[in-house]
Amino acid sequence: MSFLSITKAHRTPPGISLSLAHRRWRRAVGWILFAAFFLVSVLPGVATAAGAGASAAAITEEILADLFPGGGTLGPVSGNPPARPVYRDSGVVGYVFSTRDAVGSVGFSGNPIDIYAGLDIKGRITGAVLHAHNEPILVIGIPEARLIDYVSQFAGIDVSDRAGVKPASNPAKAAPDVISGASVSSAVIRNAIFRSARAVARSRHILTNGTKDRLDRETFSEASWAALMEDGSISRLRLDQKTVAKALGDVLPPGDQGDSLFIDLYTGLISPPRVGENLIGKLDFNELLGGMAANDQIIVVVADGLYSFKGTGYIRSGLFDRIQLVQGASTIRLAKDRYRNVETFRIPGAPEFREIGIFTLPAETGFDPLKPWRLELLVNRETANLGTLRAVFPLTYTLPARYRLAATAAQDSANGTQIEQGAQYWIHEWETRAVHIVILGIVLAVLSGVLFFQDRVVADTKRYHLFRHVFLVVIVVWLGWIAGGQLSIIHVLTFIHSLLGEFHWEFFLLDPVTFLLWGYVAVALLFWGRGVFCGWLCPFGALQELLNEGARKLKVPQVAIPFAVHERLWPIKYVIFLGLLAVSLHSTNLAIVGSEVEPFKTAITLKFARGWPFVTYAIALLAAGLFIERFFCRYLCPLGAALAIPARIRMFDWLKRRFQCGEVCNLCAGECGVQAIHPEGNINPNECIYCLNCQTIYHDESLCPPLVAQRKRRERRQALAGDAKGVIGGDDNDRQ
């Protein structure tokens with residue numbers, strides 16, 4: 001007989017038929033497929049920018065040595081675009097980032113490409129490392145070593161200058177030459193590095209004045225042509241023949257009724273990625289930005305109709321004589337050398353246009369993207385009687401408020417860059433996440449009340465179970481998916497390494513939710529053991545329990561593992577933890593890779609918005625949990641193992657037991673979802689998740705056999721006493 005017995009609860013019902021078992025298995029398989037469909041198709045839909053920064057989070061101290069010579073302490077991923085600050089002496093000296101996180105970089109092949117890079121607070125790239133790519137150039141004989149060497153040559157480049165156009169000002173270094181035979185892929189890499197570095201620099205006020213509003217050149221979201229027109233990202237001017245003739249003081253062309261189209265003109269600022277990247281595509285947009293200086297701007301001019309805004313004069317003179325840009329008292333002539341022709345837009349819903357042109361406006365022109373401006377259409381007409389007639393038709397443009405970022409920080413007056421001090425930075429993080437801190441405080445206060453007054457809380461079994469299910473939903477949805485409060489074995493390893501090295505409280509204070517959770521868990525370990533976190537505050541554990549509860553309601557058969565097998569399986573998680581700890585002492589990077597045994601990042605932090613191998617693994621564990629409650633927690637979780645070791649010194653043992661437990665009754669053991677109760681009746685604190693289910697039975701006079709026996713004896717005594725009183729009363733009546 002197999003050691004895995006299929007039951008409805010924890011025991012095999014007598015007389016179960018083979019056909020019934022088959023029907024139950026078919027039903028179980030159906031629900032597994034349903035759960036898989038739900039997790040793959042529904043949950044990713046709720047994923048938002050929370051997954052941002054996943055690649056930057058993988059930058060380790062070892063990688064930092066290549067990105068930031070001299071090293072430092074890495075802070076957590078934060079900001080838009082995501083980046084990790086580098087601290088020295090509690091001050092920020094720069095940032096490290098991933099181009100994939102920052103701008104969603106893609107290669108020439110259209111597949112994702114990711115480069116790790118460092119940036120100091122003076123706007124210089126300190127180092128770059130090729131992390132991942134799928135470029136086809138390696139297939140045609142270009143050795144990967146050349147690509148890696150090419151990326152490393154970006155160290156020392158000032159990102160405020162034009163890439164490959166003129167030498168950087170400080171130090172005197174320009175972008176490296178492209179790789180012979182791989183010029184397109186080289187340019188794609190260069191553009192990704194420059195655009196990402198500039199986005200990080202602008203958002204941290206390295207290239208901008210932190211006391212002034214600035215243009216949002218980092219945020220991207222999908223948009224259609226209609227959406228850009230509706231919110232004012234693109235302005236439009238439509239002229240018919242009659243309007244133009246009236247402005248010129250001329251007569252209409254013979255046979256023209258005046259309502260025929262003269263020109264349908266559009267313009268807009270496309271420096272914001274929501275406009276430019278949607279219009280021309282990510283690859284072309286990156287290429288466009290790569291050849292510009294950091295503070296140059298881009299506009300687009302689009303037209304349809306009889307009249308061409310380009311004309312032919314620019315071919316000879318180098319200047320467009322039919323359009324010009326006016327802002328305030330300044331007139332900016334649009335030049336041929338800053339013009340790029342576009343055949344068609346990539347954005348959904350865009351009509352076919354006769355001509356599309358993109359113009360770069362260098363910073364030295366004085367153009368301010370935050371101020372209103374107008375594109376003037378110049379129309380000249382030669383007549384026999386009146387000579388040359390001229391008219392100007394303005395197309396005004398005002399930047400939509402969504403592209404304006406308000407000033408958020410003061411600028412350091414000494415060097416013109418924002419320098420965040422470590423202490424000030426963590427205080428700022430706490431102020432920013434004040435709402436999350438308050439909600440977390442309420443959640444922890446409620447849980448503390450449950451733990452301290454558990455006897456009263458579990459007295460009403462139905463209400464307690466309802467409360468617990470609601471609490472677990474809050475933990476999954478709010479703490480896990482919204483607040484990002486999923487603790488991980490990486491936190492434990494980081495803490496251990498900080499104790500072995502140089503410990504700084506500021507580093508741990510940078511994430512207030514995680515810091516408060518760890519503080520509470522540390523106290524709970526001393527009071528109650530590891531079960532408080534695993535049973536109440538772990539979002540992935542809560543998700544497993546809720547899904548298993550749903551499976552039970554739908555009569556999915558549960559797999560009961562014999563205790564002798566069960567206790568030989570739970571050491572696996574301790575082996576995993578010790579293995580990760582040993583690996584981390586050799587290589588933090590390998591430990592981070594190994595920590596993927598935890599599906600927490602996939603299922604909770606990134607809400608399933610990851611590659612299919614990670615999603616498949618997480619779903620497989622959740623599917624196993626439909627049949628074996630908290631399968632991952634019981635046998636594989638290294639974090640649970642790490643918490644169980646110090647939890648041995650807990651101060652209190654508030655879970656009550658009776659001498660009959662394990663002797664004449666095993667009801668609690670059968671109802672324990674994680675089989676933490678031994679057959680002889682004692683509770684294993686290393687495995688207990690403190691769900692208090694055994695305590696509901698302990699206090700329930702209708703379930704706990706010793707209490708049931710006591711209740712029946714009490715009822716018999718009361719019945720006998722009532723009968724005796726009735727007899728005595730009857731004798732008195734007879735005597736009367």
Side-chain angles (χ1 to χ4, degrees), residues 5 7-13 450-469 471-472 527-536 541-542 544-546 548-549 551-553 557-570 625 627-631 633-635 640 644 647-648 650 652-713:
S5 56
T7 71
K8 182 176 181 180
H10 288 287
R11 300 181 180 87
T12 304
V450 171
L451 297 175
F452 276 106
F453 303 103
Q454 61 186 47
D455 291 344
R456 294 185 181 182
V457 171
V458 301
D460 189 326
T461 303
K462 290 185 178 179
R463 289 186 178 180
Y464 169 71
H465 285 310
L466 176 61
F467 162 78
R468 177 167 170 80
H469 292 155
F471 190 92
L472 293 181
F527 277 59
W528 298 282
R530 69 110 174 178
V532 173
F533 168 73
C534 297
W536 291 90
Q544 289 182 93
E545 184 169 328
L546 291 171
N548 181 266
E549 186 68 22
R552 289 174 180 271
K553 296 289 186 184
Q558 300 297 297
V559 177
I561 300 179
F563 192 83
V565 176
H566 168 65
E567 67 179 349
R568 285 165 176 78
L569 290 178
W570 76 45
F627 300 94
I628 304 174
E629 184 174 345
R630 287 181 175 256
F631 172 81
C633 301
R634 293 163 72 172
Y635 305 124
R648 298 291 297 178
R650 72 190 191 284
F652 305 114
D653 190 3
W654 288 358
L655 297 180
K656 298 179 180 179
R657 308 295 289 156
R658 292 187 171 86
F659 71 89
Q660 296 97 332
C661 296
E663 294 291 334
V664 297
C665 173
N666 281 302
L667 181 60
C668 291
E671 291 299 321
C672 180
V674 293
Q675 291 180 264
I677 302 178
H678 288 246
E680 59 270 22
N682 61 298
I683 299 175
N684 185 340
N686 290 345
E687 303 304 313
C688 175
I689 63 170
Y690 224 87
C691 64
L692 301 180
N693 283 341
C694 60
Q695 299 305 288
T696 62
I697 298 175
Y698 180 91
H699 292 281
D700 195 330
E701 292 187 347
S702 63
L703 286 178
C704 182
L707 290 185
V708 171
Q710 291 178 13
R711 176 175 55 81
K712 289 182 178 180
R713 287 195 297 269

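We use all heavy atoms of the structure for the numbers below, so side chains are in, but hydrogens, waters and symmetry mates are not. Source: prediction; values computed, not measured.
- With sequence neighbours excluded, the residues forming a side-chain contact (heavy atoms from CB on, under 4.5 Å) with Cys534 are Arg530, Ile689, listed by chain and number.
- Put simply, CD1 on Ile683 and SG on Cys694 are 4.0 Å apart, with the number rounded to the nearest 0.5 Å.
- The structure places CD of Glu545 at 9.0 Å from SG of Cys633, a figure rounded to the nearest 0.5 Å.
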Side-chain donor/acceptor pairs under 3.5 Å, residues 456-467, sequence neighbours excluded:
from: Asp460; atom 1: OD1; to: Lys462; atom 2: N; distance (Å): 3.4
from: Asp460; atom 1: OD1; to: Arg463; atom 2: N; distance (Å): 3.3
from: Tyr464; atom 1: OH; to: Cys691; atom 2: O; distance (Å): 2.3

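- With sequence neighbours excluded, no residue forms a salt bridge (Lys or Arg N to Asp or Glu O under 4.0 Å) with Lys712.
- Within the 4.5 Å cutoff, the side chain of Arg657 has no heavy atoms near those of the Asn682 side chain.
- Annotation: the span from Arg468 atom CZ to Leu692 atom CG amounts to 7.5 Å, rounded to 0.5 Å.
- Checked against salt bridge (Lys or Arg N to Asp or Glu O under 4.0 Å), Arg634 has no partners two or more places apart in sequence or in another chain.
- How far OH of Tyr690 is from CH2 of Trp536: 10.5 Å, rounded to the nearest 0.5 Å.
- The ring-ring contact (aromatic ring centres under 6.0 Å, His included) test applied to His566 returns Phe563, Trp570, Tyr635, not counting sequence neighbours.
- Residues passing the side-chain contact (heavy atoms from CB on, under 4.5 Å) test with Cys665, sequence neighbours excluded: Leu667, Pro705.
- Atom CD in Gln695 sits 6.0 Å away from atom CD in Gln454 (nearest 0.5 Å).
- With rounding to the nearest 0.5 Å, the separation of SG in Cys668 from CZ in Arg658 is 9.0 Å.
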